[in-house]
Amino acid sequence: MTDGLAGLRPAKRQVPPHPYLCGASMKYQLEIAKRRSFAIISHPDAGKTTLTEKFLLFGGAIQVAGAVKSNKIKKHATSDFMEIERQRGISVATSVMSFEYKGTLINLLDTPGHKDFAEDTYRTLTAVDSVILVVDSVNGVEEQTRRLMEVCRMRDTPVIVFINKMDRDGKNRFDLLEEIEKELTIRLHPMTWPINSGKDFKGVYNMADQSLLLFRAGTRADEDTLQIASLADPVLEHKLGEKDAQQLREDAELVEGVYGALNVEEYLQAKVAPVFFGSAINNFGVKEMLDTFIRIAPTPRSRMSTTRPVGVQEDKMSGFVFKIHANLDPKHRDRIAFFRICAGKFERNKYYHHVRLDKDVRFSNPYSFMARDKSIIEDAYAGDVVGLFDTGNFKIGDTLTEGEDFYFTGIPSFSPEIFKEVVNKDPLKTKQLEKGLLQLTDEGVAQLFTQFGGNKKIIGCVGELQFEVIQYRLLHEYGASVVFNTMPFYKACWLTATDPAKLIDFLRFKQANAAEDKDGHPVYLAQSEWFLNTEITNNPDIQFHFTSEIHK
Ligand code: G4P
């Protein structure tokens with residue numbers, strides 16, 4: 001927690017440092033250079049959990065396969081949110097997994113697999129410096145893959161693609177690459193090239209170092225690597241057979257001709273995504289990717305704030321809360337705020353400036369997250385994520401600094417997909433209900449809108465499950481009993497206009513669809529795509545935004 005009241009003290013105002021003087025000493029350069037903070041993302045079932053586990057095995061963070069309890073919520077559990085919360089309880093420990101691999105400190109931020117918690121995933125993506133996107137070779141690009149990539153694109157997050165399940169009869173590899181490029185609007189760059197798929201899968205050819213990785217299910221890939229002088233090497237015939245050796249030569253020539261060598265700079269600018277083929281379950285092709293990852297993936301990057309760019313090398317600590325995890329157990333109603341350090345060194349028991357509350361706070365038990373358990377840490381650096389015990393002082397997007405007033409930007413809210421009116425069943429508990437709604441929406445469980453005119457409270461979520469969670473928590477934590485009335489909306493668009501009078505007119509005219517979000521920003525709630533497009537066409541003076549920045 002922010003260590004209760006003992007952790008709070010009135011803030012001492014500090015003069016902001018001159019932007020050009022901050023961090024000139026590069027005091028923590030070595031710590032920054034060591035770190036890679038990223039997330040593995042995928043459509044459910046593509047193999048994210050399996051790949052995560054293999055990474056942890058390589059990192060020595062776990063010893064046996066099966067040790068990571070899946071953070072994914074099984075499909076059949078869709079109506080049992082208590083079970084989901086139990087699983088989420090497990091997943092707090094696995095929300096961030098830190099391990100070392102070949103001298104690199106890797107912070108792997110886990111994302112929930114269940115679609116109903118997609119918003120959680122989007123927010124986690126604001127705290128990483130790069131991602132690995134897993135695509136199922138059989139199913140290709142799926143719905144969730146598309147949406148996750150949209151978020152990555154918004155932030156220019158560098159992406160590495162892992163095409164998984166090559167041991168299954170998948171799509172033609174050229175078709176698959178074309179599909180990914182087209183659907184995800186990103187240029188790909190194959191780093192390895194597969195030899196067949198399914199039962200004929202024989203392995204991958206590593207384009208960069210001209211090695212051949214031979215596939216045998218259940219064996220570790222690095223046990224069967226063959227360095228070849230060139231593709232003309234007759235050992236290819238011996239190992240792959242005449243037909244496949246010839247095919248590989250043709251494919252490799254074509255791929256090399258089209259793609260050439262990887263331009264790492266373009267990868268870092270999110271213009272090109274290196275691609276690896278493999279099979280996570282067989283631990284095949286994973287090590288090649290991990291080795292490349294630690295070589296090319298970005299170290300913690302500098303970030304924009306509401307007042308100035310914040311350099312990752314600055315001495316003074318700053319960072320932001322990107323996720324809040326509440327414990328549903330009534331005996332332990334604590335929350336953990338996930339705090340990403342963006343610059344400087346975070347220290348236990350040191351006072352930091354909570355910008356929104358204008359208070360100084362300190363933490364006597366900050367957590368670091370290892371693969372299986374949480375441990376209290378003394379300090380942490382840019383790129384790290386620490387868990388801060390919270391008794392309700394934090395909301396998503398909150399920034400801590402060493403005295404300066406700014407917020408990190410680039411933490412967006414996305415439009416919900418399901419909207420329901422909150423109906424208070426017990427008027428005596430109105431105050432509790434309001435408090436509950438505010439706190440739950442601060443945690444990012446849902447978004448709250450107030451309809452213009454009618455003052456109806458409308459909750460927007462990505463999945464049905466959150467409504468169950470909200471109803472349960474309002475009753476058990478705040479004593480407020482509610483039911484929900486489904487509203488006929490499918491999307492919320494945030495509105496702006498250069499001429500405020502035009503916006504006011506529009507809102508007045510469209511009262512049934514007009515609302516404001518929690519921060520008072522005007523929002524248009526659209527019934528359908530058709531209605532939305534009609535309004536966009538009919539109102540050229542008004543801008544419809546599909547996301548909203550928490551801090552601008
Ligand atoms: P997710 O986290 O992205 O949702 O996927 P997860 O790793 O749980 O993998 C989904 C399913 O795909 C799992 O099977 C897993 O064993 C399987 N899988 C992962 N990688 C590969 C691969 O390279 N090849 C093949 N053939 N299958 C793979 P499941 O039956 O749903 O679960 P389980 O009973 O194996 O745990």
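Computation of the quantities below employed the complete heavy-atom set of this structure, encompassing side-chain atoms and omitting hydrogens, waters and symmetry-equivalent molecules. In each ligand, atom 1 is the first atom listed, and ligand 1 is the first ligand listed.
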side-chain hydrogen bond (donor to acceptor under 3.5 Å, both in side chains) between Asn206 and Thr192, intermediate numbers included: CA-CA 4 Å; Asn206 189 333; Thr192 60; over 6 Å; no
Pairs of donor and acceptor atoms involving the side chains of residues 150-158, under 3.5 Å and at least two apart or interchain, shall be tabulated with distances.
from, atom 1, to, atom 2, distance (Å)
Arg153, NH1, Leu184, O, 2.3
Arg155, NH1, Gly410, O, 2.4
Arg155, NH2, Thr126, O, 3.3

Under 4.0 Å from any heavy atom of Pro44, which atoms of ligand 1 are there? 4 (O)
Any salt bridge between Lys48 and Asp110, counting N to O under 4.0 Å? yes
Have a look at ligand 1 and work out which part of Ser42, if any, has a heavy atom under 4.0 Å from it: side chain, backbone, both or neither. side chain
In terms of its nearest heavy atom to atom 27 (N) of ligand 1, the top option of Lys165, Lys54, His43 is Lys165
Which of the numbered atoms in ligand 1 are below 4.0 angstrom from a heavy atom of Ser279? 22 (C), 23 (O), 24 (N)
With heavy atoms under 4.0 Å as the rule, classify the contact between Val134 and ligand 1 as side chain, backbone, both or neither. neither
Looking at the rings of Phe174 and Trp193, which for Trp means the six-membered one, are their centres under 6.0 Å apart? yes
Counting heavy atoms under 4.0 Å, the part of Arg168 that contacts ligand 1 is side chain
Below 6.0 angstrom between ring centroids: does that apply to Phe215 and Phe284? yes
Below 3.5 Å, N or O to N or O, backbone or side chain included: is there any such pair between Ala280 and ligand 1? yes
Only heavy atoms of Lys48, strictly under 4.0 Å: list the atoms of ligand 1 that pass. 1 (P), 2 (O), 3 (O), 5 (O), 7 (O)
Quick one: does Asn282 get a heavy atom under 4.0 Å from ligand 1? no
Filtering Ile163, Asp110, Thr50 for the heavy atom nearest atom 15 (C) of ligand 1 leaves Thr50
Would you kindly say whether Thr441 and Lys518 are connected by a side-chain donor-acceptor distance under 3.5 Å? yes
Polar side chain donor-acceptor pair, Arg147 to Gln144, under 3.5 angstrom: no
Are any of the N/O atoms on Gly47, whether in the backbone or the side chain, positioned under 3.5 angstrom from an N/O atom of ligand 1? yes
Where on Asp167 is there a heavy atom closer than 4.0 Å to ligand 1, on the side chain, on the backbone, on both, or on neither? side chain
So the atoms of ligand 1 within less than 4.0 Å of a heavy atom of Asp45 turn out to be 1 (P), 3 (O), 4 (O), 5 (O), 10 (C), 12 (O)
Does one side chain, of Tyr101 or Asp291, offer a donor that lies under 3.5 Å from an acceptor on the other? yes
Can you list everything that forms a salt bridge (Lys or Arg N to Asp or Glu O under 4.0 Å) with Arg168? Sequence neighbours excluded, please. none
